[in-house]
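Please read the structure below before turning to the comments.
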Amino acid sequence: MATFSLVDGNNFYVSCERVFNPSLENRPVIVLSNNDGCVVARSNEIKKLVPIGAPYYQYRKVCEQHNVKVLSANYALYGSLSDKMMDCFQYFCPNRELYSIDEAFLRWEDKADQDRVEQALLLRNTVKRWTGLPVSVGLAPTKTLAKVANHIAKKKTKEGVFDIRDKDVQEKILADFPIEDIWGIGRQLTQHLQKRGIYTAKALRDSDASLLRRTFSVVVERIIYELRGIACLDLETAQPRKSILSSRSFGTPVTALGDLEEALSHYAANACVKLRDQKSRAQRLSVFLRTSPFNHSEPFYQKSHSCSFSTPTHDTRLIIQAAKRCLKRLYKPGLRYQKTGILLMDITEESVTQTDLFAATENKKSDRLMQRVDTINNLFGRDTVHFAAQGIQRPWHMRSDHRSPRYTTCWDELPRVKAI
DNA sequence: TCTGGGGTCCTAGGACCC
DNA sequence: TCTGGGGTCCTAGGACCC
């Protein structure tokens, strides 16, 4: 039997900020989502007072009162530190699944002479030394239990490592573990299960798996088996995305079609870069447009429209054109729009693209152009060259009032060291 | 005034085929 | 009046994750 670990950065975004700004240690810090809208990360000092996901404006006062350092999201920084952290994991265990920006599953092949807890501690210390980031490790026979163990490691241990492989330990921990904290049990399932008198992970584990499968879905059945220590989920290798979304809320509401077109073109170009990065093309796209769902003094409007290409493409020009056509069908004058976006679908590998027998093929020329654009932007920074449709002034640009420097990805923003 | 962004998987139901 | 059985594919919507 193999052992699974879940390794996960503690308060990841906050920790990334602290790596380059030690004055943030031991003081309350929060990180906001794009547009400075919601709270997406909190340091331990402020967790009790500010809930995750809360709209920031509702907690601005609390933050002022407690001298909280408020930061805008700096994804360039978090992404680059994440890469370094994942490299460290690889050094310890080659069987690795990158699960999210701050988490990875590891699978260790069990050998009698190896002390996994010892190794987990070493991994933790090494990651801290090499990247400055604190992580927690959970050890278990299944991924779902590794998630549980990680939870305990973070909340209840000093060392940041917890081993739940022992059956007796499982009994004890699961008896106190609320179902809403189980990986895969969200708000809806929690409510439904609680109505049936199931409140703890232990109660769920000991339920009738096939009955709950019939009532809910195979997903719940799998969770039950995983809690029993029977692995249903293995590591997953990275696959190319099946859909690519690019969207943003506007810094201030937008009313003019021209501004919407510029913003949408910008997101479309962004989506195309992601598409080409994974060497794919898309055959269908969908555009959506909406007003603010929170502003009850104005009517809420939300609609999407999709269209297809005769052959899959990754040409930004074609995708911008098509997106703008969709947008025109959605646009109603007089509304204050809050967000638009584009979803690329029916994505296929570049190399196996089926071409249209009757269409003029301009593919090679288009491929070359896109390649040049990407090369220039990779070399000199994103947006060095862009499409005119994306606009220049960008009045719809998102708010980001408290962003730290992009220390690791931008030449102009490298950290400076002062000689004394 | 001010509420993120980007994904995946599963299921049900309809359309369609022979 | 009486109208089969079995299968696939597609889509929309829901739920979940970080």
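All chains are named by letter (A, B, ...) in the order of the sequence lines, taking the proteins before the strands, and each is independently numbered beginning at 1.
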Exercise. Could you tell me whether the side chain of A:Asn35 and the main chain of A:Ser400 form a donor-acceptor pair under 3.5 Å?
Key: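 No, the answer is negative, given that no donor and acceptor are paired below the 3.5 Å cut-off.
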Quiz item: Would you say A:Ser33's side chain and A:Cys38's backbone share a donor-acceptor pair under 3.5 angstrom?
Solution: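 Indeed, once roles are kept as given, a pair shorter than 3.5 Å links the two residues.
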Quiz prompt | Touch class at under 4.0 angstrom, heavy-atom based, for A:Tyr99 against every strand present | solution =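 It contacts sugar-phosphate atoms only.
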Quiz item: Just checking A:Ile185: base, sugar-phosphate only, or nothing, at a heavy-atom cut-off of under 4.0 Å?
Solution: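 It contacts sugar-phosphate atoms only.
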Could you check how far [atom1] of [X] sits from [atom2] of [N], rounded to whole Å?
{"X": "A:Glu298", "N": "B:dT3", "atom1": "CD", "atom2": "P", "value": "12 Å"}
{"X": "A:His151", "N": "C:dC17", "atom1": "NE2", "atom2": "C1'", "value": "15 Å"}
{"X": "A:Lys143", "N": "C:dC16", "atom1": "NZ", "atom2": "C1'", "value": "15 Å"}
{"X": "A:Leu233", "N": "C:dC16", "atom1": "CG", "atom2": "C1'", "value": "13 Å"}
{"X": "A:Ile52", "N": "B:dT3", "atom1": "CD1", "atom2": "C1'", "value": "14 Å"}
{"X": "A:Ile182", "N": "C:dC16", "atom1": "CD1", "atom2": "P", "value": "12 Å"}
{"X": "A:Tyr56", "N": "B:dT3", "atom1": "OH", "atom2": "C1'", "value": "14 Å"}

Quiz prompt | Nucleotide of B:dT3, C:dC18, C:dC16 approaching A:Leu189 most closely (side-chain heavy atoms) | solution =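 Nearest listed nucleotide: C:dC16.
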Quiz item: What is the base-pairing partner of B:dA15, counting Watson-Crick and G-U wobble geometry with both distances under 3.5 Å?
Solution: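 Result: C:dT8.
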Exercise. Establish, yes or no, whether a centroid distance under 6.0 Å links the rings of A:Trp130 and A:Phe92.
Key: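 Ring-ring flag for A:Trp130/A:Phe92: false, centres at least 6.0 Å apart.
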Self-check item: Heavy-atom protein contacts under 4.0 Å, nucleotides 4-15 of chain B, coded B base, S sugar-phosphate only, - none
Solution: SSSSSSSS----
Quiz prompt | Residues A:Asp234 and A:Arg107 bridged, charged N to O under 4.0 Å | solution =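 Yes, this pair counts.
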Quiz item: On the ring face of A:Tyr225, is A:Arg228 found with NZ or CZ under 6.0 Å from the centre and within 45° of the axis?
Solution: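 Judged by the rule (NZ or CZ under 6.0 Å from the ring centre, within 45° of its axis), A:Arg228 counts as positioned above A:Tyr225.
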Quiz item: Once you round to the nearest 0.5 Å, how far does CZ of A:Arg213 lie from CG of A:Asp208?
Solution: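 Between atom CZ of A:Arg213 and atom CG of A:Asp208 there are 12.5 Å.
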Exercise. Please work out whether the ring planes of A:Phe216 and A:His192 are parallel, tilted or perpendicular, with thresholds of 30° and 60°.
Key: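 The arrangement is tilted - the two ring planes meet at 30° to 60°.
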